[in-house]
Amino acid sequence: MSIMQYNGGSTIAMVGKDCVAIACDLRLGNQALGISSNFEKIFAMTERTYIGLPGLATDVTTLHEQLRYRLNMYTIKEERTMEPETFIHLVSSTLYEKRWGPYFIEPVLAGLQRMPGGSFRPFIASTDLIGCINFAKDFVVAGTASEKLFGVAEGLWEPDLAPEDLFETISQTLLNAVDRDAYSGWGAVVYVITEDKVIKRTLKGRMD
Amino acid sequence: MDISFALTGKGYVIVAADTTAARSIVKMKSDEDKIKVLSPHLLMAFSGEPGDTVNFAEYVERNLRLYHIRHTYALRPASAASWIRRSLAESLRSRSPYAVNLLLGGYDTATHTPELYWVDYMGTLTSVPFGAHGYGSYFALSLLDRYHDPEANLEEGLATLRRCIDEVSKRLVVSPGKYKVKVVDKDGVREIEL
Amino acid sequence: MPDGSYERPQQRQFNPYSENGGTILAIAGADFSVIAGDTRQSEGYSIQTRYAPKVFRLTERAVLAVNGFAADGNMFVKKVKQRLEWYRHAHAKDMPLRAIARLIQTMLYAQRFFPYYVYNILGGIEEDGTGAVYSFDPVGSYEREACRAAGAAQSLVQPFLDNQIYFKNQTPAPGASHPTHLPLPDVLSIVIDSFTSATERHIEVGDGLEIYVVLAKGRSTQELASIGGLQELSTRAEGDRMFVIRRDLKKD
């Protein structure tokens, strides 16, 4: 059994029209034994940048703390918030720093990128555990249910979804994918990020 | 193998751990205290590799005591848990990692809430309504799923704990005989005879 | 060793199995059944052929999809067809679907200790005129279901089917309920979407798609009229009718 599957858990991010969504399950287990149904894997990094960190649970916390620290240092020195596209490179280099003894995390990022004109552009990306970035235009997935997430997302997702439709799409994708994965599930959390607000919803899911 | 349980209730956290110290097939001691009192409102049940356990528990105890002396107030449960987790996470990728699993039960005197954290040797930390380590977890968690009530008073909480202990005694081949039970609430920590 | 002796006895091993990719899928309707499979056959990263059928017509009202180790699959279909022919000679009629399902179980379990490395999905029309899907594991455990995906992209397709066919995680409007069987055009769209999705994300799926449609006796063929690449396979105009739809999938 791979260390990436030790605690279980999955994350997904999707692009919509002028919005992005990111969602994760809530399970934390030790192999087949469920420990907690309240383990969130998504963290707010800036007002409009959220990161999902599925993988080894100890590294979820460690990497979150590490990224938060580096982001805070940037914010203090630069006196501005970091944009998601910059942030994913920070994530990448933080992971690659540990190339030969990696954090066992495959991050998924969703955010709104501030454009020169002041408008916002949806941005999602993911990386592998050593920081190789995947800039996708549609959706990104990671975690123990990643294969299932790919299958359902490929079937349900379409371009230019409005926030509420994007919420429904990402929720259905996550819920149905994790129901076929023994290591993911036990509830879910969904964030929909729009220009003026971020909506967080906690979903009930199958508890088996 | 050590067994420890913990559960939250209305304004309290109960932490229980067996009292056996065994080496191979021999019981060396049957009144070992595996629950450290880290601060006036914080308990820590520890289990895992013999030697590592006590050493790590004392390391944590001394450091939190130092914090208390320096600042005149103790770390709140969430912060203490976070510091302890980091110690374990850093130890994991060191030359000689600690193999220690913890249950941290505390009462936050600022928010007046009981708090319980499940921590393993890798530095996995999660807040739980109830938790267990060791072989006991395979029996206790399903019972706690059924009987745990976050609004239960201390009597009811102890009755639920009793169920867990009885089940382990009944079904586990290598079940320990005695348990030490400690409670933390607004009045601090105290030991309870079951 | 120099004296001609060996440190260890020599060992040789032959692996009698291979895995040839591809995916199959079947969905049952109230009075029809749809059985589909892609046509790519691969071994590792190499494509052996872009057209190797995995779905086979057994009788006028039964279709078998076979996925896994292609050599075993082909031999298994051959043997099932042979048993069905013997049945026809003995009883002067086709074997009913539920009997074929039980036959397949027996044939698979007969090889319990040297199994056919294949996942079978049997689709067709029961004697009572209802659409049916039976799915099997390699040693013969089987079950009648409304839908099933198997093969390389099972993990991609099955959760999608749970959502679209069984309406899992969807709450019906107050007072309403989800249909137990979907109409044929909806089923065909879902099958095509499933395979285009699987082709997009799975390297072992693609090239071509064969969709077998079995319609119960007396059922209108109206809904198939507008479908491109349709071919009728029925030998009799009365009775159950069978069609195959052949489509292209991406070849990359």
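Letters A, B, ... mirror the listed sequences (proteins, then strands); counts begin at 1.
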I need the Lys98(A) NZ to Arg93(B) CZ distance, nearest 0.5 Å.
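Answer for the NZ-CZ pair, Lys98(A) versus Arg93(B), is 8.5 Å.
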Is the number of heavy atoms from other residues, nucleotides or ligands under 6.0 Å of [X] [atom1] greater than 12?
{"X": "Glu155(B)", "atom1": "CD", "answer": "no"}
{"X": "Lys204(A)", "atom1": "NZ", "answer": "no"}
{"X": "Phe135(A)", "atom1": "CZ", "answer": "yes"}
{"X": "Arg99(A)", "atom1": "CZ", "answer": "yes"}

Heavy atoms under 4.5 Å from chain A: which residues of residues 113-126 of chain B carry them?
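Against chain A, the residues of residues 113-126 of chain B that fall inside the cut-off (heavy atoms, under 4.5 Å) are Trp118(B), Asp120(B), Met122(B), Gly123(B), Thr124(B), Leu125(B), Thr126(B).
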So which bits of residues 184-194 of chain B come within less than 4.5 Å of chain A, counting non-hydrogen atoms only?
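Answer by number: none.
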The criterion is side-chain hydrogen bond (donor to acceptor under 3.5 Å, both in side chains); which residues satisfy it with Arg62(B), sequence neighbours excluded?
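Applying side-chain hydrogen bond (donor to acceptor under 3.5 Å, both in side chains) to Arg62(B) gives none.
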Any chance you could lay out the side-chain contact (heavy atoms from CB on, under 4.5 Å) test for Thr62(A) and Glu90(B), step after step, and finish with the verdict?
CA-CA 9 Å; Thr62(A) 308; Glu90(B) 279 168 7; over 6 Å; no
Can you see which heavy atom on [X] is nearest to which on [Y], and at what distance?
{"X": "Leu141(B)", "Y": "Gly34(A)", "value": "CD1-O, 3.8 Å"}
{"X": "Ser137(B)", "Y": "Leu33(A)", "value": "OG-CD2, 4.0 Å"}
{"X": "Ser127(B)", "Y": "Ser36(A)", "value": "O-OG, 4.1 Å"}

Given that the side chain runs from C-beta out, which part of Ile35(A) has a heavy atom under 4.5 Å from chain B: side chain, backbone, both or neither?
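For Ile35(A), the contact with chain B is made by backbone and side chain together.
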Which answer fits Tyr138(B), side chain, backbone, both or neither, if we ask what part of it has an atom under 4.5 Å from a heavy atom of chain A?
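The side chain, not the backbone.
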Which residues in residues 100-113 of chain A have any heavy atom lying under 4.5 Å from a heavy atom of chain B?
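Listed by number, the contacting residues are Gly101(A), Pro102(A), Tyr103(A), Phe104(A).
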